[in-house]
Amino acid sequence: MMKPVPRLWVVIPVTFVFCLFVLFQLQISNLFGKNLQITHQVNNFFISIASSSHHQTPSPTRFANESDGNRAKQPEEEETCAGRYIYMHNIPSIFNDDIIQDCKTLIKWFTMCPFMVNSGLGSQVSLSDNKTARVLTSKTGSWYATNQFLLAVIFRERMKHYECLTNDSSLASAFYVPYYAGFDVSRHLWGYNTTVRDELGIKLAKWLRERPEWRKMNGRDHFFVTGRIGWDFRRGLDDDSAWGSKLMLLPEFSNMTMLSIETTAWTNEFAVPYPTYFHPKSLSEVRRWQRKVKSVKRKYLYSFVGAPRPNMDGSIRGEIIKQCLASHGRCKFLNCNKGQDCDNPVKVMEVFQRSVFCLQPRGDSYTRRSIFDSILAGCIPVFFHPGSGYNQYMWYFPKDYKKYSVYIPEKGMKDGTVSLRSLLGRIDWGSIVTMRDEVVKMIPKIIYTKPGLVGPEKIDDAFEIAVDRVIERVAMVKRMMEEGKYLQSEYSQTRDLKKLE
């Protein structure tokens, strides 16, 4: 019986003959311009040879929390992910999904259920009518009625698709804890005692403490995200009348980094942008929007979107509304106490798009969601306190605030010595254009895009910037630990109000 011919001796002569054929075809293609077709034939040939080989294909990486749909990482991504891996803890569902299941009870004053759809982006804005299409963009499917409190849900969904997510904790540069702390505390703010408010946080602290990943840096490489302000997690008294939970006072969480929509001057808190209504799916879509807001005609010198408060005499908000209503059409006031206009993305974006300056006084706390809605509209923000923007979003805003905003000290508004119409009206058009262009450049940094963007269409958005800065922070803390340096400067439990002044 004849021995079977080795496979290699079949492949080599066939390959040699094919190469002669290719050389002949290339000579012809030079005359007729068919290089692309020949190249395609060559590629197909070698692909067929490769597929017939007995070499095994490496199995794709499997990720933690597979129920979240984490994708497999390809070998070519390994080099780009060096030093950027994130490990997402697969925490029990009582710490996230179970919390939002009863969406009607998350906020006492209204139901959050309509905002939970589309992985926390909210319901999609219909662009069927002419006005909506004029204010927003063409039918891109990227505009949603997004609620500011949904940041944790949005962030978790983005993390599921993060290109450097890994299930190998030894590779991780930082560890993400997908705990919905904001909704956990908000559902218990009214009518519940401190024991109930703190219960889940204490359980999660114990769960984390017992994980092998925790022991690596005692939690200093861990972080979580919340759609509420930092103050909601800093209750200093075990008194049922006191506000919030004591989450950030727990030893475990005091070692972690918290990303929230507003920091309250502790060293392990960092502010990230409020979610806006715009969640594009490509960089080219962002560029189109930037061109639109740069070219739009603006009818109003300035505007204010907000709600009047009782007994506002002598307050900054009261003075702003008073001056706006007396501006003879130079200011637009969108009253959030009337109807549902301030929950309507089209209404809000129309006001900001048609305004040169957008007033951003302190809201119920230091910051306001409308800061980011106005930037998205290409409207120049006007701040009255450093803690409302400049000393909050330092990862996102230029250091030189004069490049993109106007600052008016609160004192001048309180004593009535500042005329907004006069002060803003004196700014020359050249300066306005320069500031507006800088604001428009900020747009990609302050939005949360749809998950899964890769390649040239990927956007360094608010999520990407936050993850990169957390990784940098963890690396710095790790060096400090290795050098035996004191870590109090990064995890102090003393509030430093000077950081907001």
Quiz item: Counting only heavy atoms not in Lys441, do more than 12 fall under 6.0 Å of its NZ?
Solution: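 No, NZ of Lys441 has 12 or fewer neighbouring heavy atoms, counting only those of other groups under 6.0 Å.
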Between [Y] and [X], is there a salt bridge with N-O shorter than 4.0 Å?
| X | Y | answer |
| --- | --- | --- |
| Arg479 | Glu483 | no |
| Arg469 | Glu472 | yes |
| Glu252 | Lys206 | no |
| Arg235 | Asp198 | yes |

If we ignore angles and hydrogens, is there a donor and acceptor under 3.5 Å between the side chains of [X] and [Y]?
| X | Y | result |
| --- | --- | --- |
| Asn268 | Thr257 | no |
| Lys450 | Tyr144 | yes |
| Arg156 | Ser119 | no |
| Gln392 | Thr263 | no |
| Thr146 | His279 | yes |
| Ser170 | Asp168 | yes |
| Thr367 | Glu262 | yes |
| Ser260 | Glu269 | no |

Drop me the distance from [X]'s [atom1] to [Y]'s [atom2], to the nearest 0.5 angstrom.
| X | Y | atom1 | atom2 | answer |
| --- | --- | --- | --- | --- |
| Met442 | Lys403 | CE | NZ | 11.5 Å |
| Phe357 | Ser303 | CZ | OG | 11.0 Å |
| Gln353 | Ser374 | CD | OG | 12.0 Å |
| Leu106 | Lys104 | CG | NZ | 12.0 Å |
| Thr194 | His188 | OG1 | NE2 | 12.5 Å |
| Met256 | Leu247 | CE | CG | 8.0 Å |

Exercise. Using the side-chain contact (heavy atoms from CB on, under 4.5 Å) rule, pick out the option among Asp98, Thr105, Ile99, Asp97 that qualifies with Gln101.
Key: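 Single pass found, and it is Asp98.
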Report the relative orientation of the aromatic rings in [X] and [Y]; use parallel for angles under 30°, tilted for 30 to 60°, perpendicular for over 60°.
| X | Y | value |
| --- | --- | --- |
| His385 | Tyr366 | tilted |
| Phe278 | Trp289 | tilted |
| Tyr180 | Phe183 | perpendicular |
| Phe397 | Phe383 | tilted |

Self-check item: Test applied, ring pair (Phe, Tyr, Trp, His ring centres under 6.0 Å); reference residue, Phe463; option that passes from Phe155, Tyr396, Trp395, Tyr448
Solution: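 It is Phe155, the one option of Phe155, Tyr396, Trp395, Tyr448 that forms the ring pair (Phe, Tyr, Trp, His ring centres under 6.0 Å) with Phe463.
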Quiz prompt | Among Tyr176, Phe253, Phe270, ring pair (Phe, Tyr, Trp, His ring centres under 6.0 Å) partner for Phe224 | solution =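 Running ring pair (Phe, Tyr, Trp, His ring centres under 6.0 Å) over Tyr176, Phe253, Phe270 with Phe224 returns exactly one hit, Phe253.
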Quick one, [X] and [Y] - any side-chain contact, counting heavy atoms below 4.5 Å?
| X | Y | result |
| --- | --- | --- |
| Arg84 | Asp468 | yes |
| Phe115 | Val117 | no |
| Tyr179 | Leu200 | yes |

Quiz item: Between Tyr277 and Arg369, is there a cation-pi geometry (under 6.0 Å to ring centre, at most 45° from the normal)?
Solution: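 Cation-pi check for Arg369 and Tyr277: passes.
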Exercise. For residues Ile447 and Pro280, report the shortest heavy-atom separation together with the two atoms involved.
Key: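 For Ile447 and Pro280, the tightest heavy-atom pair comes out as CD1-CG, 3.6 Å.
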Quiz prompt | salt bridge (Lys or Arg N to Asp or Glu O under 4.0 Å) between Arg197 and Asp184, intermediate numbers included | solution = CA-CA 8 Å; Arg197 283 183 249 161; Asp184 183 23; over 6 Å; no
Exercise. Indicate, with yes or no, if the rings of His89 and Trp207 have centres closer together than 6.0 Å.
Key: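 Centroid separation for His89 and Trp207: below 6.0 Å.
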Self-check item: Verdict with supporting geometry, Met480 and Glu490, side-chain contact (heavy atoms from CB on, under 4.5 Å)
Solution: CA-CA 10 Å; Met480 293 175 67; Glu490 299 302 321; 4.1 Å; yes
Quiz prompt | Candidate pair Ser169 and Phe175, rule side-chain contact (heavy atoms from CB on, under 4.5 Å), full reasoning | solution = CA-CA 8 Å; Ser169 61; Phe175 296 79; 3.8 Å; yes
